[in-house]
**Q** 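Below are the C-alpha cells for one structure; questions will follow.
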2 protein chains.
Amino acid sequence: MGSQWGVNRSVAQVHALLYLAVDPMNAEQISDRLGIARSNVSNSLKELVAWRLIRRVPIAGDRREYFVAEVDVWEMALRIAQGRREREIDPAMSAISECVALAQDDRAIAPEVLQRLTEMQGFLDNTTRWYDQMRGVPKTQLIRLVGLGDKVIKLLNFAGGKRK
Amino acid sequence: MGSQWGVNRSVAQVHALLYLAVDPMNAEQISDRLGIARSNVSNSLKELVAWRLIRRVPIAGDRREYFVAEVDVWEMALRIAQGRREREIDPAMSAISECVALAQDDRAIAPEVLQRLTEMQGFLDNTTRWYDQMRGVPKTQLIRLVGLGDKVIKLLNFAGGKRK
DNA sequence: CCTATATTTCTGTTATAACAGAAATTACAG
DNA sequence: CTGTAATTTCTGTTATAACAGAAATATAGG
C-alpha cells in the first residue's frame with residue numbers, strides 16, 4: 001500500500017519485511033527474498049534508517065550489515081510523525097513565513113490575503129507547538145490519553161465553555 | 001510544495017489560488033491565471049470538491065460554475081484528516097484484518113509475526129477510535145485542547161502513573 | 001427542440017520517479 | 001599493503017503519474 005502513502009514500493013516492502021522478520025536480515029537476504037536489486041535495497045535501507053524505522057545491528061563474526069525494524073507500533077508512529085514533521089511541516093512553515101513577510105511589504109496584496117496567510121501561519125505554529133509538547137510526554141501516558149478519547153473534554157473543565 | 005505531500009502540483013496550485021482568492025472563481029479564470037489546461041483544472045476541482053476543501057457557489061446570471069475554498073484553517077485540517085482517513089487508514093485497516101485472519105489459520109506463520117500484526121491492528125483500532133471521538137468535539141474546545149499542549153497530562157490525574 | 005456554451009471524459013504525450021545493473025568506493029582480513 | 005567481500009553511487013531504462021488538447025457530453029437559454 002505504501003505507494004499511496006508517499007513512500008515508494010521498495011521502501012515499503014523492505015520495511016514490512018523487516019517489521020515482520022524474527023531475526024535481523026542483511027541486504028542480500030532482503031534482495032533475494034523480495035526479488036529486487038541490491039542497489040534498490042541499499043537505498044531503501046538508507047531511507048528507513050534516516051526515518052529511524054530500522055537500525056543496524058552488528059552480528060559477531062559477520063562483516064555484512066544486518067538490520068532490524070522498530071517493532072513497537074507507538075514508537076514507530078512517533079518516528080513517522082517526526083519524519084513527516086521535518087520533511088513536510090518545517091519546510092511549509094519556512095515557506096509561509098516568507099510569504100507573510102513578502103505580503104506585508106507589498107501594497108498590492110489585499111488585506112484578506114495577508115490575513116489568510118497569517119491564519120495559516122498561526123495554525124501551523126499552534127499545532128507544531130502542540131506536537132512538540134506531546135512528543136515529550138511518556139508513551140504510557142500518551143497511550144492512556146488516547147484511550148480516553150473525547151472523555152478528556154469532560155474531565156477538563158471545558159463543559160460550559162468556561163476558560164481554564 | 002504539494003508534490004511532496006502526495007497531491008499533484010495542479011491540485012495544490014488550484015487550492016492555493018482559491019484559498020487566497022477574495023472572490024469566487026470559475027474554471028476558465030483559474031486556467032488562465034495558472035496557465036494550465038482547462039481539463040486539468042476540471043480534474044483538480046473535482047478532486048478538491050471530493051476532499052471538501054472547496055465548494056461550488058452559484059453566481060446569479062452566470063451559467064459557469066464558480067468555486068470558493070474553505071478558509072477556516074481548522075476546518076480545512078479536519079477535512080484533510082477525514083480524507084486521509086478514508087483514503088489511507090481505512091484501506092490499511094481492511095488489509096491488516098485480512099492479514100491477521102490469514103495468519104491465524106496458517107500454521108507456518110511464526111507466533112511473533114502474528115503478534116506484530118495484531119499489535120498493529122490494535123494500534124490502528126485505538127487511534128481511529130480516538131480520531132472518531134475527537135472529530136465529534138466542537139472546534140472551539142478542540143482549539144483550547146491543543147492550546148493546553150502537554151498541560152492536559154497534569155490537569156488529568158496522570159501524575160503518579162495512577163489509573164483514572 | 002435546437003443551439004450555444006460550459007464541463008467532463010478520453011487519448012496521447014511528456015515529465016518524473018522507481019528500479020536494475022554496472023562501476024566505484026569503502027572496509028576488513030590476512 | 002594487498003586482495004576480497006560488502007556496500008554505495010552512478011547511469012541508463014522502465015514504469016507511472018501528470019498534463020494538454022481534442023472529442024464527447026451535459027446544461028441552460030431561446
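Numbers restart at 1 for each chain; the letters A, B, ... are given by sequence-line order, proteins then strands. Keep in mind it's a predicted model, so treat the numbers as computed, not measured.
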**Q** Considering only C:dT8, C:dT7, D:dT9, which nucleotide approaches the side chain of A:Ser39 most closely?
**A** D:dT9
**Q** Using the ring of A:Trp51 (Phe, Tyr or Trp, six-membered ring only), decide whether A:Arg87 places NZ or CZ under 6.0 Å from its centre and within 45 degrees of its axis.
**A**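 Cation-pi check for A:Arg87 and A:Trp51: passes.
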**Q** For A:Arg63 and for A:Val11, locate the closest nucleotide of DNA chain C by heavy-atom distance; then report the residue assigned to the nucleotide nearer the 5' terminus.
**A** A:Val11
**Q** Distance check needed: D:dT27 C1' versus B:Arg56 CZ, whole Å only.
**A** 13 Å
**Q** For the pair B:Arg135 and A:Asp150, find out whether any cationic side-chain nitrogen is under 4.0 Å from an anionic carboxylate oxygen.
**A** no
**Q** Please report, rounded to the nearest Å, how far the P atom of D:dT8 is from the CD atom of A:Glu47.
**A** 14 Å
**Q** Rounded to whole angstroms, how far apart are OH on A:Tyr66 and C1' on D:dA5?
**A**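 Spelled out: OH on A:Tyr66 to C1' on D:dA5 is 13 Å.
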**Q** Whole angstrom is fine here: how far is it from CG in B:Asp62 over to C1' in C:dT5?
**A** 11 Å
**Q** Under 4.0 Å between a side-chain N or O of A:Asn40 and OP1 or OP2 of C:dA20?
**A**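 Answer is yes, contact under 4.0 Å.
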**Q** What is the distance from CG of B:Asn43 to C1' of D:dA17, rounded to the nearest Å?
**A** 13 Å
**Q** Under 3.5 Å, is there any donor-acceptor pair linking the side chain of A:Ser10 to the base of C:dA18?
**A** no
**Q** Respond yes when some side-chain nitrogen or oxygen of A:Asn26 is under 4.0 Å from OP1 or OP2 of D:dA6, and no when none is.
**A** no
**Q** Please say which of B:Thr127, B:Asp132, B:Asn126 ends up in a side-chain hydrogen bond (donor to acceptor under 3.5 Å, both in side chains) with B:Arg129.
**A**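 Among the candidates, only B:Asn126 passes.
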**Q** Please state whether the phosphate of C:dC19, meaning OP1 or OP2, lies under 4.0 angstrom from any side-chain nitrogen or oxygen of A:Asn8.
**A** yes
**Q** Counting just side-chain N and O atoms, does A:Arg38 come under 4.0 Å of either OP1 or OP2 of D:dT7?
**A** yes
**Q** In whole Å, I'd like the distance from the CD atom of A:Glu28 to the P atom of D:dA6.
**A**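 It is 7 Å, rounded to the nearest whole Å.
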**Q** Would one find a side-chain N or O of B:Lys46 under 4.0 angstrom from OP1 or OP2 of C:dT7?
**A**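 Indeed not, no polar side-chain atom of B:Lys46 lies that close.
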**Q** Rounded to the nearest Å, what distance is computed from the CZ atom of residue B:Arg9 to the P atom of nucleotide C:dT16?
**A**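 Spelled out: CZ on B:Arg9 to P on C:dT16 is 7 Å.
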**Q** Considering only D:dT8, C:dT7, D:dA20, which nucleotide approaches the side chain of A:Glu65 most closely?
**A**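 Minimum distance to the A:Glu65 side chain belongs to D:dT8.
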**Q** Is the count of non-hydrogen atoms from other residues, nucleotides or ligands lying under 6.0 Å from B:Arg85 atom CZ greater than 12?
**A** yes
**Q** Rounded to the nearest Å, what distance is computed from the CG atom of residue A:Asp32 to the C1' atom of nucleotide C:dA20?
**A** 15 Å
**Q** Is the closest basic N to carboxylate O distance between A:Glu75 and A:Arg79 below 4.0 Å?
**A** yes
